[in-house]
Amino acid sequence: MKKKKKLIIGLAILVVLIVVVIGVFLYAKSFLSAETAIRDDWSIETGDLLTSDASLDVSVFEADVEASIPVSRVLPDENEEEGFTYYDEDVQRRLAAAIVKMAKEAEFTMEAPLAILNPFGTGSNGLYLYFDTRRAGNIRYTIHVENADIPDYTQTAYEGGGTRTRHEFQMIGLIAGEENTVTMELLGKRGKVISTSTFTIHMPETMSGYDIILDREDGESQAELSDGLYAMIRVGGHTGYAFFYDNDGVMRYEMVLEGYGLDRILWYEGNMTVCASAYKIAQVNRLGQAVAVYDTGDWELHHDMVLEGDEGRIVALASDATDELNLEDMTIEVDLETGEVKEILDFKDIFSDYYENDASELTATDEFFWLAGQKDWIHLNTIQYLPKDDSVIVSSRETSTIIKIKDIHTDPQIDYLIGDEDYWKGTPYEEYSYAQVGDFTPQYGQHTVEYYEGEGLKEDQYYLMMFDNNYWVNGTRDDYEIEDLPEEVGTVLASDSLKSHVYVYLVDEGEKTFSLAHAFDVPYSSIVSNVTPCGDNLVVNSGTANVFGEYDVNGGLIRQFSYTCELQTYRVMKDDFASFWFIAQ
């Protein structure tokens, strides 16, 4: 009987374990599919129909909000049809044309402006305002809500530079779900207040349902926070949005995407250039209009993209969506002038010997078992472009290696490999490994490797800054194990005792070496995460720890914010959005 009882208990435990594993597998698969899913519901609550324009297939409604001024919504007539998206140039042109017509229908003043909520479908709490003033100036506005946890928010709207009598801008900062009292001031050339007006508007709730206020905790550093807004991207469970928070942790803008997340904010010809989905890049102007949209076809965007200098081209990390075996091992180029999309690098060709002889498929017993049967053999997660030798620097999480490829448009060749030198020993790529100078633990599982030049450096020297996840895992090279892995390096997805780091390497291409120039500890995050400069400070997101913080240059924490999400948030960046949404402070 005892043996039978033990057998039953053992079987029960086994069944529970199987159920748990299957549950985790299904959850992970669902999470990954949600990352690249395309939004299929753009429906918006409106008030009464005001007018329709058959020539533009656009209708104007009362906005479903309480306000002391008339507020409208402008919607394409097909916005609830299957396959509709706001990230379509024709849709955006029609909306812009309808708004121009509305502006000509009456005289609008600062006291009675033309007000349109989320005019281009790209920012749920953006308010378009248009009006004339008798005297030229700039518009400064202050937003107040009767919530003790939300301080007043003041900005000066950017309208193209200089002072003017005709004003047109997107008001950023209105609080979703609250009655907002907005005071606008017309400022003369010397900043003197010429006139004021006030209106109220009770904003609708966020489309995502995400938190309006983040928990925050001040650190020991006495340095000032930089001006600007933190942009949270690819928040787990809320992909298809980007959330912009102020220094008090209050959401001031909810950007609505077709899917996926921004990856990185690039600036081209004054427009915010971002991933609108895993298959689209969009240029969005200060009013929220997607003035250009680029479809990448079967190329699935992932992790990162950068501009190639001033040439009007983007180089982006991508996967071939038609390849069911290989993941995240290619780069493409998108021409922002012509819209042409083409393959630039296939790392299966560059590392052909490694790919064919060493890289294997993931299995059900690997750390990332939900990718079983696929080859996530290099897992590129960052890209930087260097015009001087037509090269890219990429970060490979799976090999814990920073890779530089030169002459990418003519004859792509490996220039160097930076990381644990032992990893490449005995392979045809050993000769490319730079030598580590100094006694420190090299990076493992790193993200957001960024290139910087510095004063006093030799011609062949520069800095590489990164988020060192300090996490070692490799499920696609079966014949390799690290000997004597340092105890401080993580091998688990979550831990309260381990630390990740901000690392800054000094790279010397002349000597073929790298050394640790600067480092400090940050909360442990095994995967995702980033470090990004902002003014004199650094913004660091520990994605699986669900915190981001702003640090001074010495690594002192100024302020940390905690957030909720499913599993992880990929990146948090910060920008002052000067000459875009705001006039610089």
Side-chain angles (χ1 to χ4, degrees), residues 62-73 103 106-119 123-206 212-213 227-229 244-254 286-288 576-585:
E62 290 181 345
D64 189 24
V65 297
E66 294 182 7
S68 62
I69 58 173
V71 181
S72 304
R73 279 198 187 270
E107 295 293 329
F108 296 100
T109 65
M110 194 161 78
E111 294 73 24
L114 172 61
I116 304 172
L117 186 60
N118 189 11
S124 69
N125 61 330
L127 183 66
Y128 170 90
L129 293 173
Y130 175 93
F131 55 87
D132 292 325
T133 54
R134 293 179 60 188
R135 296 174 63 180
N138 297 119
I139 301 299
R140 181 172 66 193
Y141 60 86
T142 297
I143 297 170
H144 172 79
V145 298
E146 295 295 330
N147 184 329
D149 295 323
I150 301 178
D152 289 355
Y153 185 70
T154 299
Q155 291 287 355
T156 303
Y158 179 74
E159 301 183 73
T163 58
R164 60 192 61 234
T165 58
R166 176 154 291 174
H167 303 275
E168 182 187 38
F169 59 94
Q170 182 183 193
M171 181 173 285
I172 304 296
L174 295 164
I175 304 299
E178 297 274 356
E179 181 177 84
N180 295 252
T181 299
V182 180
T183 300
M184 294 193 294
E185 300 171 304
L186 178 65
L187 306 179
K189 289 183 178 180
R190 297 183 180 180
K192 181 180 178 181
V193 177
I194 298 172
S195 59
T196 64
S197 69
T198 300
F199 67 88
T200 60
I201 178 171
H202 197 292
M203 294 293 290
E205 301 288 344
T206 60
I212 296 297
I213 304 174
D227 291 329
L229 295 172
F244 295 76
Y245 286 86
D246 65 19
N247 283 345
D248 293 299
V250 178
M251 187 193 292
R252 294 295 175 176
Y253 192 60
E254 180 186 59
R286 61 185 178 86
L287 301 178
D576 62 9
F577 298 98
S579 300
F580 184 68
W581 285 331
F582 313 124
I583 292 177
Q585 298 287 335

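These numbers come from a predicted model, not from an experiment.
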Does a side-chain heavy-atom distance below 4.5 Å link [X] with [Y]?
| X | Y | result |
| --- | --- | --- |
| P113 | I69 | yes |
| M203 | I175 | no |
| V182 | M171 | yes |
| I116 | L127 | no |
| H202 | E178 | no |
| P204 | D64 | no |
| T156 | F169 | no |
| T206 | N125 | no |

If I compare all heavy atoms of [X] with all of [Y], which pair ends up nearest, and what's the gap?
| X | Y | answer |
| --- | --- | --- |
| I212 | A176 | CD1-CB, 3.9 Å |
| P119 | G126 | CD-O, 4.2 Å |
| A136 | L186 | C-CD1, 4.5 Å |
| M184 | M110 | CE-O, 3.5 Å |
| A67 | V71 | CB-CG2, 3.8 Å |
| R73 | N118 | NH1-CB, 3.9 Å |

Find the distance between [atom1] ([X]) and [atom2] ([Y]) and round it off to the nearest 0.5 Å.
| X | Y | atom1 | atom2 | result |
| --- | --- | --- | --- | --- |
| T181 | H144 | OG1 | NE2 | 6.0 Å |
| D576 | W581 | CG | CH2 | 11.5 Å |
| L117 | E62 | CG | CD | 13.0 Å |
| L229 | F577 | CG | CZ | 5.5 Å |
| R135 | I194 | CZ | CD1 | 4.0 Å |
| S195 | L187 | OG | CG | 9.0 Å |

(request) May I ask you to check whether Y253 and F244 place their ring centers less than 6.0 Å from one another? (result) yes
(request) For side-chain hydrogen bond (donor to acceptor under 3.5 Å, both in side chains), just list the numbers for S124 and E254, CA-CA rounded to whole Å, side-chain angles, deciding distance to a tenth of an Å, and then say yes or no. (result) CA-CA 6 Å; S124 69; E254 180 186 59; 2.4 Å; yes
Backbone of [Y] reached by a side-chain donor or acceptor of [X] within 3.5 Å:
| X | Y | value |
| --- | --- | --- |
| D132 | T109 | no |
| E185 | V193 | no |
| R252 | G249 | no |
| R286 | Y158 | yes |
| Y141 | I172 | yes |
| N180 | I143 | no |
| T142 | T183 | no |
| D246 | D248 | yes |

(message) Is it true that T133 and H167 share a donor-acceptor pair across their side chains at a distance under 3.5 Å?
(response) yes
(message) Could you tell me if E159 and N138 have a donor-acceptor pair between their side chains, going purely by distance under 3.5 Å?
(response) no
(message) Can you confirm whether more than 12 heavy atoms, excluding those of E111, are under 6.0 Å from its CD atom?
(response) yes
(request) Look at the rings of Y128 and Y130 and say which category their plane angle falls in: under 30° parallel, 30 to 60° tilted, over 60° perpendicular. (result) parallel
